[in-house]
Number of protein chains: 2
Amino acid sequence: MAEVARTAGVSTATAGRALGGYGSVSPEARTRVLAAAKELGYRRNDLARAVITGRSDTIGLVVADIDNPFFAAAVRGVSDAARAAGYEVLLANTDEDPHRERSAVDVLLARRVDGLIVAPTWGDPEHLQRAQRSGTPVVLLDRRIEGVDLDTVMVDNFEASRRAVAYLVDAGHRRIAMVTGGTRRSQVAPPGQRGVSTGRDRVEGFLRGAAEAGLQEPERYLRTAAGTPDLSQRATADLLAGHEPPTALFASDSRVALGAVKAIRQAGRTIPDHISLVAFDDADWTGVVTPTITVISQPAQALGRRAAEMLLERISGAQEEPREELLPTVFIERDSVAPCADDTRGA
Amino acid sequence: MAEVARTAGVSTATAGRALGGYGSVSPEARTRVLAAAKELGYRRNDLARAVITGRSDTIGLVVADIDNPFFAAAVRGVSDAARAAGYEVLLANTDEDPHRERSAVDVLLARRVDGLIVAPTWGDPEHLQRAQRSGTPVVLLDRRIEGVDLDTVMVDNFEASRRAVAYLVDAGHRRIAMVTGGTRRSQVAPPGQRGVSTGRDRVEGFLRGAAEAGLQEPERYLRTAAGTPDLSQRATADLLAGHEPPTALFASDSRVALGAVKAIRQAGRTIPDHISLVAFDDADWTGVVTPTITVISQPAQALGRRAAEMLLERISGAQEEPREELLPTVFIERDSVAPCADDTRGA
DNA sequence: GGTTCAGATGAGAACGTTATCACCACATCG
DNA sequence: CGATGTGGTGATAACGTTCTCATCTGAACC
């Protein structure tokens, strides 16, 4: 910059003003500086600027796995909203490992991000609260943490799941199973905080829906820790092979549904004749398989966008109470649910 | 840091050495500094460090759309390799807009990324060459640019496509269609550089395969500018409704395939009885639809990982000639291709 | 016992910006 | 005409680090 200033015949202060767009500069000085900068191939150093201003115009984004379609869409939403406001996005994956989440947050904080959007995984969220307290706003995406004062953008997983079960019950089903990832057993945490809120809420919605229908022992048909297609396939196969197999299945996300569909097919059963299926997430393929799958559609991209918007509000100094914002899900009826054909429905 | 130094009773220089892990510090001084830092809640400012060292330990990643499964996987690969080496990833989407690509590169350069991984879209690549020349290494991901000296990691799209067509020809098909996105018509660029190399190479592979089989006017069955499921669905419907409809279809990626499957189903045809299908990309759903889809599988995540590795080599000063690295595709035979049943196969 | 050398330390410069302040010229106003 | 702004400018401090250099200590070596 000093060289640009020299070439343009002004002080570095004036050159800085012309290049940085602050203060006031005469039109002629500005053009001279700009010309000199172009001639010399000058490129601004945003890092040095950030050191001075204390703002990096960057937000940190921490998700479990960008390669999961839900998060990919959410990241896209965050990215779009961020860029529209002149912010860049620093991305980190955790693979649901609390240790990686914590270290990712530490690194992003050291890089002086102006704010953080986190889809928190299961451990102690103290690092998130500390970040917020020390002046870096945090917005939770897709997952809430009880007893923590942070903005949160998500859907009503409990209610959506309860309704899905009610829908299956209305179709006459009584032996309704749920396959889900998330809720791990081998986990050290207070009971209320096990697993990820998304998984917990969906399981509780399932249990509530089952209870409301007076179903006996719904836990008998609940399979957790099946978060990948492969695990889900095995869990579903297990369910189908059991005594009094379920006549309907609720899959907690599209990857779980993928494994479930495979297992059902391999077991020689057909959807929806032998077993009905409802899944979370309107993945692209759910509309193209035979039969098409009835799903609870989540506005993944909009969730990301809203999270970014809320974060940007906080960054610009909004001081209201932390709020939990719920975006609506859409229940899309397709062809994977049929009335229960099983005579033993009373079982 | 000055306060930490004061608390620990050492100079800022020594505190810096203890905190920054450079130079040499006595064990006792180190422990005193670390204790003081912890007590004061000191958090290092990596931005200031980057200003001094000239290295930000950050790489910029520019792709068309993170919400596309191929790129999501590639980004994951880049991210993993980057983190393993202590680098962070700054992400940008272009939506295939050359203007956005250029401005994204400009912003990332201003943030002093140590290197760039770009899946280049169609316009003039001068900004990429300039970045490389001015000392920020650039690696091209998934797409090459002719006549440009940049490292590139991709697959052999031409050969994979040629083989896919040959496979269909071997099954007896003569009216083979291709639906693809990418190659736009309304584009201002020298003929050889229209569209994105991936799309061009696949089209040329298709044409070569057709030529080798002696097929007449293969262009008649070529539909470009159908990069989204919706556009692809329309293009496929159009093909099916035409005179002498194709008996086999080659879809240039999984999203195109999705639209094609929908169109085929809506037209009342079945795969593979009426029409065979081969698609690029082993999307998760291609193994679960009926019938399962025969695909050319790309190692998307490995492409990202290799791109990051090559970039890191350049960053650490490797000076060899730029190279183009091809990762192998895998042709996965499933159930969407059947021998041609059409009597008029000579047409 | 002097020379050499490595380890440890501090003072202060350096990195490339923005922030602060003082100053000037000039217009505006009463 | 003097007081009061206001836009433009430059010198220099400031940001929070790392880098450079000089100095000191003590051990090892012949």
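All chains are named by letter (A, B, ...) in the order of the sequence lines, taking the proteins before the strands, and each is independently numbered beginning at 1. Worth knowing before you read on, the calculation uses all heavy atoms, side chains too, and leaves out hydrogens, waters and symmetry mates.
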Exercise. Any side-chain heavy-atom pair from H127(A) and L109(A) closer than 4.5 angstrom?
Worked result: no

When rounded to whole Å, the CZ to P distance for the pair R32(A) and dG8(D) reads 14 Å

| query | In this structure, are over 12 heavy atoms from other groups packed under 6.0 Å from E28(A) atom CD? | reply | no

The nucleotide from dT17(D), dC19(D), dT17(C) with an atom nearest the side chain of I52(A) is dT17(C)

**Message:** Nearest whole Å is fine: how far is dT17(C) P from D57(A) CG?
**Reply:**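 In whole Å, dT17(C) P lies 15 Å from D57(A) CG.
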
Practice prompt. Give the rounded distance in Å between these two atoms: CE of M1(B) and C1' of dA14(D).
Written response: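 Interatomic distance, CE of M1(B) to C1' of dA14(D): 15 Å.
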
Side-chain atoms of N45(B) come closest, of dC19(D), dT17(C), dG16(D), to dG16(D)

Practice prompt. Inspect the contact between R76(A) and D80(A) and indicate whether a charged nitrogen and a carboxylate oxygen are less than 4.0 angstrom apart.
Written response: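 Yes, this pair counts.
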
Measure CG/L47(A) against P/dC15(D) and give the value in whole Å, please.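 About 18 Å, once rounded to whole Å.
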
Inset, instruction - Specify the closest pair of heavy atoms between V113(B) and I59(B), including all atoms of both residues, with the distance to one decimal. - result: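 That closest heavy-atom pairing would be CG1-C, 4.1 Å.
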
Report task. Figure out the CZ/P separation between R55(B) and dC15(C), and round it to whole Å. Result ->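 In whole Å, dC15(C) P and R55(B) CZ are 18 Å from each other.
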
Can you confirm whether more than 12 heavy atoms, excluding those of E3(B), are under 6.0 Å from its CD atom?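 Atom CD in E3(B) is not crowded, with 12 or fewer foreign heavy atoms closer than 6.0 Å.
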
Item checked: E309(B) vs L312(B) side-chain heavy atoms within contact, under 4.5 Å -> no

Inset, instruction - Examine the side chains of R111(B) and T58(A) and answer whether a donor and an acceptor come within less than 3.5 Å of each other. - result: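 Side chains of R111(B) and T58(A): pair found under 3.5 Å.
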
- [ ] In whole angstrom, give the distance that lies between atom CZ of R6(B) and atom P of dA11(C).
- [x]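 Going from CZ in R6(B) over to P in dA11(C) covers 13 Å.
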
Show your working on side-chain contact (heavy atoms from CB on, under 4.5 Å) between T121(B) and D97(B) and close with a plain yes or no.
CA-CA 7 Å; T121(B) 190; D97(B) 177 347; over 6 Å; no

Check: What integer distance in Å separates R111(B):CZ from dG16(C):C1'?
Finding: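 Going from CZ in R111(B) over to C1' in dG16(C) covers 16 Å.
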
With a non-hydrogen cut-off below 4.0 angstrom, is R43(B) in contact with a base, only sugar-phosphate, or nothing?
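Touches sugar-phosphate only.
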
- How long is the line joining CG of D46(A) and C1' of dT17(C), in whole Å?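 So the two atoms are 10 Å apart, to the nearest Å.
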
With a 4.0 Å heavy-atom cut-off, tell me which residues in residues 9-28 of chain B come close to DNA chain C, sorted by residue number.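 Within residues 9-28 of chain B, the residues near DNA chain C are V10(B), S11(B), A13(B), T14(B), R17(B), S24(B), V25(B), S26(B).
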
Inset, instruction - Could you grab the distance from atom CG of L303(A) to atom OG1 of T152(A), nearest 0.5 Å is fine? - result: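 With rounding to 0.5 Å, CG (L303(A)) is 11.5 Å from OG1 (T152(A)).
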
Open item on the list: Five pairs per end, C1' atoms only: what is the angle between the end axes of the helix from dG1(C)-dC30(D) to dG30(C)-dC1(D), to 10 degrees?
Closed with: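 Axis-to-axis angle, ends of the helix: 30°.
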
task = Would you mind classifying the nucleic acid contact of A2(A) as base, sugar-phosphate or nothing, using non-hydrogen atoms under 4.0 angstrom?
result =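 Counting heavy atoms under 4.0 Å across all strands, no contact is made by A2(A).
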
Closest to the side chain of A29(B), out of dT17(C), dT18(D), dT9(C), is dT9(C)

